[in-house]
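Just the heavy atoms: all of them, side chains too, but no hydrogens, waters or symmetry mates, feed the values below.
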Amino acid sequence: ESASGKTALINALTTFIPPMAKIITIEDTPELQIPHQNWIREVVQTTKAVDSGGAVTMFDLLKAALRQRPNEIIVGEIRGSEGNIAFQAMQTGHSCMATFHAASMEKLIQRITGDPILVPKTYIDNLNIAVIMGMVKLPNGKVGRRVTGISEIVGWDSFSQSFNIVEAFRWEDIETDRVAGYLDKTRHVYHYRIGYCIGLFREALVRGSKQAGVPIDMILPTRDLIDKVIEEGDCIFEEGSLSMEEYLGEFCDELIRFRN
């Protein structure tokens, strides 16, 4: 995701690299700031469309970096065929870090193994750790940048034709914070915005109510209130769906399960 803190995270991680290590960064736009003395910054050189002979691409820089015996190679962002070279470097023992645009671990694998990167599936285990970053809405209404997941790639299972991935971390508070934010914003409204909490957000409903300080009994609607809203055929919240009888029936049943 754009503006989710990928580059900022890499800048922070580089402080844990030994100070005497040789680091090469490869970027199209200089953004990385490495606190090491033996740091070589390489930037893509573009030319006019009519004269592309003098262009130096990220692919060229990455190939040249392998000849400079670096301890760490950091690629600002992998978009194309340079990703294949990065995996070749990891295959030969070079330590690499890079940023990548992908919404989830599954999408990351799809992009790496698909065109134009085309990394063989058997090479994916060279990628040890994948950190998923995202911009999330916090309970105070502001937008924050968070690590939403960390996964370890074990390898490719040729028998089952699938990847073995271990999820080491997931930011579970992402939905709790959303629910708490909705409850806090609707604190002075007659109907709490509870329709959002159906389905995958049922557990977050309980945690969010505790975080917001709103008793769970105040969120659970009575049957009389539900019948009244259904009869009126209107709902003050577009996403609340309190005007749909079937949806409300499921909602009420789940709330009763929580109460019991």
Item to check | From M133 atom CE to H101 atom NE2, the distance as rounded to the nearest 0.5 Å | outcome: 12.0 Å
Next on the checklist: Looking at every heavy atom in both Q33 and T14, which two are closest together, and how far apart are they?
Outcome noted: O-OG1, 4.4 Å
Checklist entry - Where is the tightest heavy-atom contact between K22 and I40, given as atom of each residue plus distance? => result CE-CD1, 3.6 Å
Item to check | Step-by-step side chain to side chain contact (heavy atoms under 4.5 Å, CB included) determination, I153 to N128 | outcome: CA-CA 6 Å; I153 296 87; N128 294 328; over 6 Å; no
Checklist outcome for this item: Closest non-hydrogen contact found for I34 with I23 is CG2-CD1, 3.6 Å
Checklist entry - Heavy-atom distance under 4.5 Å between the side chains of F163 and D157, does that happen here? => result no
Checklist entry - Atom NZ of K121 and atom OG of S158: how far apart are they, to the nearest 0.5 Å? => result 11.5 Å
Next on the checklist: So V154 and I165, do their side chains get closer than 4.5 Å, heavy atoms only?
Outcome noted: no
Next on the checklist: Would you compute the distance between atom CZ of F100 and atom CG of L108 and round it to the nearest 0.5 angstrom?
Outcome noted: 6.0 Å
Checklist entry - Does any non-hydrogen side-chain atom of I129 lie less than 4.5 Å from one of I150? => result yes
Next on the checklist: Are the side chains of L66 and H94 in contact, using a 4.5 Å heavy-atom criterion?
Outcome noted: yes
Checklist entry - To the nearest 0.5 Å, how far apart are CG in N38 and CD in E72? => result 13.0 Å
Item to check | side chain to side chain contact (heavy atoms under 4.5 Å, CB included) between R79 and E77, intermediate numbers included | outcome: CA-CA 6 Å; R79 297 191 185 94; E77 182 178 340; 3.3 Å; yes
Next on the checklist: Would you say that V75 contacts M97 through its side chain, given a criterion of any heavy-atom pair below 4.5 Å between the two side chains?
Outcome noted: no
Item to check | Shortest non-hydrogen contact between L32 and E27, atoms and distance | outcome: N-OE1, 2.9 Å
Item to check | Chi angles and distances behind the side chain to side chain contact (heavy atoms under 4.5 Å, CB included) call for D28, M58 | outcome: CA-CA 7 Å; D28 53 2; M58 193 171 291; 4.2 Å; yes
Next on the checklist: Under 3.5 Å, is there a donor on one side chain and an acceptor on the other for N84 and S81?
Outcome noted: no
Next on the checklist: Measuring only between side-chain heavy atoms, which start at C-beta, is D125 closer than 4.5 Å to W156?
Outcome noted: no
Checklist outcome for this item: CG of L62 to CD1 of I73, rounded to nearest 0.5 Å, is 6.0 Å
Checklist entry - Which heavy atom in V119 sits nearest to a heavy atom in G83, and how many Å separate them? => result CG2-O, 4.1 Å
Checklist entry - Just wondering, more than 12 heavy atoms not from Q161 lying within 6.0 Å of its CD? => result yes
Checklist entry - Looking only at heavy atoms, what is the nearest atom pair of D60 and A55, with distance? => result OD2-O, 4.1 Å
Item to check | CZ-SG distance between F87 and C96, expressed to the nearest 0.5 angstrom | outcome: 9.0 Å
Next on the checklist: Using side chain to side chain contact (heavy atoms under 4.5 Å, CB included), reason through I78 and T99 one step at a time and then give a plain yes or no.
Outcome noted: CA-CA 6 Å; I78 291 179; T99 66; over 6 Å; no
